[in-house]
Amino acid sequence: MTARRKRNSPAYYAENAIAKALPKVSKAVKNPDFKKAIDHHLEETKGQIKTLDKVFKTIGVKPEGVKCDATDGLLKEAEGLIEEAKGVALDAGLLAACQAVEHYEIARYGSLREWAKVLGNEEAHVFLSEILDQEKAANSKMTNLAVTAINK
């Protein structure tokens, strides 16, 4: 049996950091529909980590996260909002922060998916497409919440 090579992945790091941060965001928000959306996305995020494990398996390497400054910055912004904002401003600010994370993830997974395609890794392409679709759906739900409830 050959030793598996390690690959550092900002996406793997990001999903794990997001999974750690989402319960804090869920606890802070006041709108019940927003809370439900966050809790649902937390479960999706846990599944996305498992899907990323499968992506790494397709290339025969052990997944390992590498610090992602972009994710850390976005999550730090959300933490600041939790500490400083109150009332409707808290939910509105956290919704914007969550959408910033989703937009970053959409950009990242869109690129990763296409790289998998170019490299001929159809299995990884399918897995990454699945995650990308989930991120787009989460963003769409948040946009709907912003328009119909949070920013009214």
Check your understanding: Would Asp69 and Lys67 count as a side-chain contact (heavy atoms from CB on, under 4.5 Å) if you check the C-alpha gap in whole Å, the side-chain angles of each, and the deciding distance to 0.1 Å?
Key -> CA-CA 6 Å; Asp69 291 334; Lys67 188 173 181 350; 3.2 Å; yes

Point to revise | Pair Tyr12-Asp53, side-chain contact (heavy atoms from CB on, under 4.5 Å): steps then yes or no | key: CA-CA 9 Å; Tyr12 197 76; Asp53 288 337; 2.8 Å; yes

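- Here the side chain of Thr51 pairs a donor or acceptor atom with the backbone of Gly47 at under 3.5 angstrom.
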**Study point:** Evaluation steps, side-chain contact (heavy atoms from CB on, under 4.5 Å), between Asp72 and Tyr13
**Key:** CA-CA 10 Å; Asp72 285 348; Tyr13 173 94; 2.8 Å; yes

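- With rounding to the nearest 0.5 angstrom, the CG atom of Leu22 is 9.5 Å from the NZ atom of Lys46.
- Taking CD of Gln48 as the reference point, atom CG of Leu132 lies at 10.0 Å (rounded to 0.5 Å).
- In the hydrophobic clustering of ILVMFWY residues, with side-chain heavy atoms under 4.5 Å counting as a link, Leu75 and Val66 come out apart.
- Two residues are said to be in side-chain contact when any heavy atoms from C-beta on lie closer than 4.5 Å; Asn151 and Val147 fail this criterion.
- In this structure, the separation between CD on Glu122 and OG on Ser129 is 8.0 Å, given to the nearest 0.5 Å.
- Taking CG of Leu74 as the start and CD1 of Ile18 as the end, the distance is 8.5 Å to the nearest 0.5 Å.
- Of the inter-residue distances, the one linking Glu105 atom CD with Asn139 atom CG reads 10.0 Å to the nearest 0.5 angstrom.
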Check your understanding: Run the side chain to side chain donor-acceptor pair (under 3.5 Å) check on His40 and Glu43 step by step: do they pass?
Key -> CA-CA 5 Å; His40 175 75; Glu43 293 310 309; over 6 Å; no

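- Between the CG atom of Asp133 and the OH atom of Tyr109 there is a distance of 13.0 Å, given to the nearest 0.5 Å.
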Exercise answer: donor-acceptor pairs, residues 77-95 side-chain atoms, under 3.5 Å, sequence neighbours excluded:
from: Asp91; atom 1: OD1; to: Lys30; atom 2: N; distance (Å): 2.9
from: Asp91; atom 1: OD2; to: Lys30; atom 2: N; distance (Å): 3.3
from: Asp91; atom 1: OD2; to: Asn31; atom 2: N; distance (Å): 2.8

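- Of the candidates Lys141, Glu135, Gln134, Glu135 is the only one forming a side chain to side chain donor-acceptor pair (under 3.5 Å) with His41.
- By the salt bridge (Lys or Arg N to Asp or Glu O under 4.0 Å) test, Asp39 pairs with Lys35, sequence neighbours left out.
- Leu119 and Val61 sit in two unconnected hydrophobic clusters of ILVMFWY residues. Membership requires side-chain heavy atoms under 4.5 Å apart, directly or through other members.
- Around the NZ atom of Lys20, the shell of radius 6.0 Å holds no more than 12 heavy atoms that belong to other residues, nucleotides or ligands.
- The two residues Ala11 and Leu52 have their closest heavy-atom pair at O-CD1, 4.0 Å.
- Among residues two or more places apart in sequence or in another chain, the side-chain contact (heavy atoms from CB on, under 4.5 Å) test is passed with Ala19 by Leu42, Thr45, Ile49.
- Closest non-hydrogen pair, Cys98 versus Phe34, comes out as SG-CZ, 4.2 Å.
- Hydrophobic clustering, with ILVMFWY side chains joined whenever heavy atoms are under 4.5 angstrom apart, keeps Ile131 apart from Met142.
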